[in-house]
There are 2 protein chains.
Amino acid sequence: MLINRDTDYAVRALCFIAQSKKNKVSVGELVKELKIPRPFLRKILQILNKKKMLKSSKGPHGGFILAKPGNKILLTDLMKIFQGVLKLNKCIFKKQVCPNMKTCKLKKKIDKIEKHVISELKGITLEQLSEK
Amino acid sequence: MLINRDTDYAVRALCFIAQSKKNKVSVGELVKELKIPRPFLRKILQILNKKKMLKSSKGPHGGFILAKPGNKILLTDLMKIFQGVLKLNKCIFKKQVCPNMKTCKLKKKIDKIEKHVISELKGITLEQLSEK
DNA sequence: GACAAATGATATTAATTTAGTATCATAAAG
DNA sequence: CTTTATGATACTAAATTAATATCATTTGTC
Ligand code: SF4
Ligand code: SF4
């Protein structure tokens, strides 16, 4: 999978927050809307807060708002946060890098594909994803 | 990962067999060359045999040969065998298909990328991968 | 200031997938 | 008929992913 579950959930949550008229959205509202298990969603939102994608406020009427405009939040940012650096091909098995790496034709092909994938992903913003 | 370990091992083994001057290659030779754990490699070769990518012969001097020319063995065939149908995005969590599938912007983007990846992969043959 | 309602931080458990091993059966060469 | 090779299958272990549970902290309201 290119996009894992956490990233996917993060996108859904951020889209909803982006589309919301209200300036704050609580976990409760998101759970109701997105049908994501609450403890799970909380964890994701907390990470997004720590990574400066969201701003949170505590206490009654607390909740989350986007920390920056939707066109400044990139899908690749989220993937980085929840999946680490995107690699279609790590060439590591049994904790050892493959000795063929330098000459491997397969690696060359995959690397080329990876480049294209990354360049496509780089263009995707939350703004695009949250358009109605 | 786009290519999993089994597919990767299969590619390495098939490349070696394709490059070998001898018309038969035994597991022992492959193990020595490729440093893949023997029981593992055996399993992979057995699957390749069953899937008609290799032909095996038993007994002393037994071993494996390609079942067809290198340009007829496609990387996508191997991926299909060892990884199932290629999907960058299954849109299934908790065993349920995502209800957003029809309208989801993210899915549309990923599907487009997937198309490109698949079309690139389709062009890759064992012949290309085993060129010296 | 006490209390309730929200998020912050972290630890734990469960399920699933991936990785690796072991065993016995079968076929062929000599 | 013995040895050497692959065929088939069952099993165990490790790692990853998924999900939950618990307690701490902040803040608005009465
Ligand atoms: S064989 Fe090639 S693709 Fe596979 S791990 Fe080694 S370098 Fe990477
Ligand atoms: S939100 Fe979109 S990308 Fe994610 S699972 Fe649903 S349809 Fe697929």
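When reading the values below, keep in mind they use all heavy atoms of this one structure, side chains included, and skip hydrogens, waters and symmetry mates. Just so it is clear: chains get the letters A, B, ... in the order the sequence lines come, proteins before strands, and each one is counted from 1.
If you check every strand for non-hydrogen atoms under 4.0 Å, B/Asn4 touches nothing. As judged by a 4.0 angstrom heavy-atom cut-off over every strand, B/Asp6 is placed among residues making no nucleic acid contact. Counting non-hydrogen atoms under 4.0 angstrom, A/Lys43 reaches a base of the nucleic acid. At a threshold of 4.0 angstrom between heavy atoms, the contacts of A/Pro39 include nucleobase atoms, whether or not backbone atoms are also involved. Using a 4.0 Å heavy-atom distance criterion, B/Phe93 is classed as making no nucleic acid contact.
Look at CE on B/Met1: it is 18 Å from P on C/dT17, rounded to the nearest Å. Between the C1' atom of C/dA22 and the CZ atom of B/Phe40 lies a distance of 14 Å, rounded to the nearest Å. If you take CD1 of A/Ile36 and P of D/dT20, they are 13 Å apart, rounded to a whole angstrom. In this structure, B/His61 atom NE2 and D/dT4 atom P are separated by 11 Å, rounded to whole Å. Put simply, NZ on A/Lys50 is 14 Å from C1' on D/dT25, counting in whole angstrom units. One interatomic measurement links the two molecules: CZ of B/Arg42 to C1' of D/dT9, which rounds to 11 Å at whole-angstrom precision. We find that NZ of A/Lys55 is positioned 19 Å from P of D/dT26, with the value rounded to whole Å. Rounded to an integer number of Å, the gap from CD1 of A/Ile44 to P of C/dG8 is 14 Å.
Within 6.0 Å of NZ in B/Lys105 there are more than 12 heavy atoms belonging to other residues, nucleotides or ligands. The local environment of NZ in A/Lys68 is crowded, with over 12 non-hydrogen atoms from other residues, nucleotides or ligands closer than 6.0 Å.
The B/Pro60 side chain lies nearest to D/dT4 when the options are D/dT4, D/dT6, C/dT7. Side-chain proximity of A/Lys58 to the nucleotides C/dT21, D/dT20, C/dG8 is greatest for C/dG8. Ranking D/dT6, C/dT7, D/dA19 by closeness to the A/Arg5 side chain, first place goes to D/dA19.
Using a 4.5 Å heavy-atom threshold, the side chains of B/Leu30 and B/Phe16 count as touching.
With ring centers used as reference points, A/Tyr9 lies 6.0 Å or more from A/Phe82.
For the pair A/Gly59 and A/Pro37, nearest-nucleotide mapping onto DNA chain D gives the more 5' position to A/Pro37. Between B/Lys94 and B/Gly28, the one whose closest nucleotide on DNA chain D sits nearer the 5' end is B/Gly28.
Within the 4.0 Å cut-off from OP1 or OP2 of C/dG8, at least one side-chain nitrogen or oxygen of A/Ser56 is found. Put simply, B/Asn49 has a side-chain N or O that comes within less than 4.0 Å of OP1 or OP2 on D/dG7.
The pair B/Asp111-B/Lys115 does not meet the salt-bridge criterion, since no charged nitrogen lies less than 4.0 angstrom from a carboxylate oxygen.
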